[in-house]
Amino acid sequence: MEEKKSSLLHKISRVISDFFNPLVSLIIFFVYMSAREYTFKESLVYFLPLLLMIIAPVVIWLVWNVKTGRYTNMDVSNRVQRKTLYIFIAACVIIYLIFNYFKNGYIDLVMLFILILLFALQISNFFIKSSMHTAFNIFVAALFFTLDWKMGLVWLGIASLVGLTRIILKRHTVKEVFMGAGIAFVVSFIYLYCNIQFQH
């Protein structure tokens, strides 16, 4: 009976962890923001470059590296393997930031802070394999806070749940989850401060 409970807990944890991976969580935020702030046409103009320059290349990169055996799994749980993932995502984000700046004449604050979060996680990765799932979901909670504080609180709850699933699935230790959360809280606080400053 205990084994069945454990197996069920692992299955539920895997579903939560897989669904609320960094990419999906960010897509949910962008869809929510687009529906709330933009018309359908404006949403497409904003979202298509993100899809073509960041989301699609990262998904292709992950699938290709898992298929060729360079990555053990889609989570890229191996600390050594993570280095190339961080570099690739950062390169995609930088390309998007440059494109957006020349096309629209401003720096996309959300993507800039995603880049800062990636660099912070990369630096942390030299010492401890911080939980990327936890870090990104906490940052997504901060993004939601800028639009609707209730959604921000809901997503903070989701981020906590995701952190717990990472421990249950033994993808991260408690220390690694707290490290990811700590980095994300610092980056999120600075992002929220900058967001308030730029609105005034």
Side-chain angles (χ1 to χ4, degrees), residues 17 20-30 33 50 53-55 57-59 61-62 65 71-101 106-147 152-153 155-167 169 171-198:
S17 183
F20 292 107
N21 71 64
L23 273 178
V24 173
S25 295
L26 283 166
I27 290 168
I28 291 168
F29 167 74
F30 285 123
M33 182 185 73
L50 285 171
M53 291 183 199
I54 300 172
I55 297 163
V58 169
V59 170
W61 176 267
L62 281 166
N65 276 286
Y71 293 164
T72 313
N73 52 45
M74 290 289 283
D75 284 347
V76 195
S77 300
N78 184 297
R79 192 168 141 194
V80 177
Q81 294 170 0
R82 278 195 170 196
K83 291 174 187 175
T84 55
L85 175 65
Y86 285 133
I87 292 164
F88 183 79
I89 298 172
C92 291
V93 173
I94 290 166
I95 289 165
Y96 170 79
L97 283 167
I98 293 166
F99 165 82
N100 185 72
Y101 182 76
Y106 68 90
I107 294 169
D108 187 321
L109 199 64
V110 171
M111 296 315 296
L112 177 64
F113 273 87
I114 284 174
L115 185 64
I116 291 166
L117 181 59
L118 276 168
F119 279 129
L121 289 169
Q122 173 71 303
I123 292 163
S124 163
N125 195 52
F126 289 115
F127 310 99
I128 182 171
K129 187 184 76 173
S130 302
S131 173
M132 199 174 179
H133 276 66
T134 309
F136 267 84
N137 275 290
I138 286 171
F139 184 70
V140 168
L143 296 178
F144 273 115
F145 267 112
T146 63
L147 301 175
L153 284 177
W155 214 270
L156 205 52
I158 289 169
S160 303
L161 193 61
V162 168
L164 189 61
T165 67
R166 304 306 287 164
I167 296 163
L169 295 170
R171 295 289 169 91
H172 288 284
T173 63
V174 174
K175 191 178 175 182
E176 290 168 351
V177 166
F178 274 101
M179 188 67 176
I183 290 167
F185 272 116
V186 171
V187 173
S188 297
F189 179 80
I190 299 166
Y191 166 74
L192 289 170
Y193 176 79
C194 291
N195 186 267
I196 291 164
Q197 292 302 309
F198 284 122

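In this text, all values refer to a predicted model and were calculated from it rather than measured experimentally.
Side chains of Ser160 and Leu164 form no contact here, defined as non-hydrogen atoms less than 4.5 Å apart. No side-chain heavy atom of Leu121 sits under 4.5 Å from any side-chain heavy atom of Arg82. Residues Phe178 and Thr173 have side chains not in contact (no heavy-atom distance under 4.5 Å, counting atoms from C-beta outward). Contact of the Thr134 side chain with the Glu176 side chain is not registered, since no non-hydrogen atoms from C-beta on lie closer than 4.5 Å. Side-chain atoms of Phe88 and Leu62, non-hydrogen and from C-beta on, never get closer than 4.5 Å to each other. A 4.5 Å side-chain heavy-atom check between Ile89 and Met132 finds at least one atom pair inside the cut-off. Under the 4.5 Å side-chain criterion, counting only non-hydrogen atoms from C-beta, Phe136 is in contact with Ile114. A heavy-atom distance below 4.5 Å is found between the side chains of Ile54 and Met111.
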List the steps, then state whether side chain to side chain contact (heavy atoms under 4.5 Å, CB included) holds for Met33 with Thr146. CA-CA 10 Å; Met33 182 185 73; Thr146 63; over 6 Å; no
Kindly indicate, with the supporting measurements, whether the criterion side chain to side chain contact (heavy atoms under 4.5 Å, CB included) is fulfilled by Phe139 and Phe29. CA-CA 11 Å; Phe139 184 70; Phe29 167 74; over 6 Å; no
Using side chain to side chain contact (heavy atoms under 4.5 Å, CB included), reason through Leu153 and Phe145 one step at a time and then give a plain yes or no. CA-CA 8 Å; Leu153 284 177; Phe145 267 112; 3.8 Å; yes
Side chain to side chain contact (heavy atoms under 4.5 Å, CB included) for Leu85 and Trp61? Distances and angles first, verdict last. CA-CA 8 Å; Leu85 175 65; Trp61 176 267; 4.1 Å; yes
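Ring-plane geometry between Phe113 and Tyr191 is classed as perpendicular, the angle between the planes exceeding 60 degrees on a 0 to 90 degree scale with a lower cut at 30. Between Trp155 and Phe20, the angle of the ring planes goes over 60°, which puts this pair in the perpendicular group of the 30/60° scheme.
For the atom pair CG of Leu161 and CD1 of Ile158, the computed distance is 8.0 Å after rounding to the nearest 0.5 Å. Between the CZ atom in Arg166 and the OG atom in Ser131 there is a gap of 5.5 Å [rounded to 0.5 Å]. Put simply, CG on Asn137 and CG on Asn21 are 8.5 Å apart, with the number rounded to the nearest 0.5 Å. The CZ atom of Phe144 sits 12.0 Å away from atom CG of Leu156, with the distance rounded to the nearest 0.5 Å. Put simply, SG on Cys194 and CD1 on Ile116 are 7.5 Å apart, with the number rounded to the nearest 0.5 Å. With values rounded to the nearest 0.5 angstrom, Cys92 atom SG is found 10.5 Å from Ile55 atom CD1.
Of the possible donor and acceptor atoms, one in the side chain of Lys129 sits under 3.5 Å from a partner among the backbone N and O of Arg171.
Scanning both residues, Val76 and Asn73, for their nearest heavy atoms gives N-OD1, 2.8 Å. Looking at every heavy atom in both residues, Ala142 comes nearest to Leu192 through O-CD2, 3.4 Å. Ile138 approaches Phe185 most closely through the heavy-atom pair CD1-CE1, 3.8 Å. Closest heavy-atom contact between Leu97 and Ile107: CD2-CG2, 4.2 Å. For the pair Thr165 and Ser17, the tightest heavy-atom approach, listed with the atom from each and the gap, is OG1-CB, 3.5 Å. Between Ser25 and Val140, the closest heavy-atom pair is O-CG1, 3.9 Å.
Side-chain polar atoms of Asn125 and Tyr86 form no donor-acceptor pair below 3.5 angstrom.
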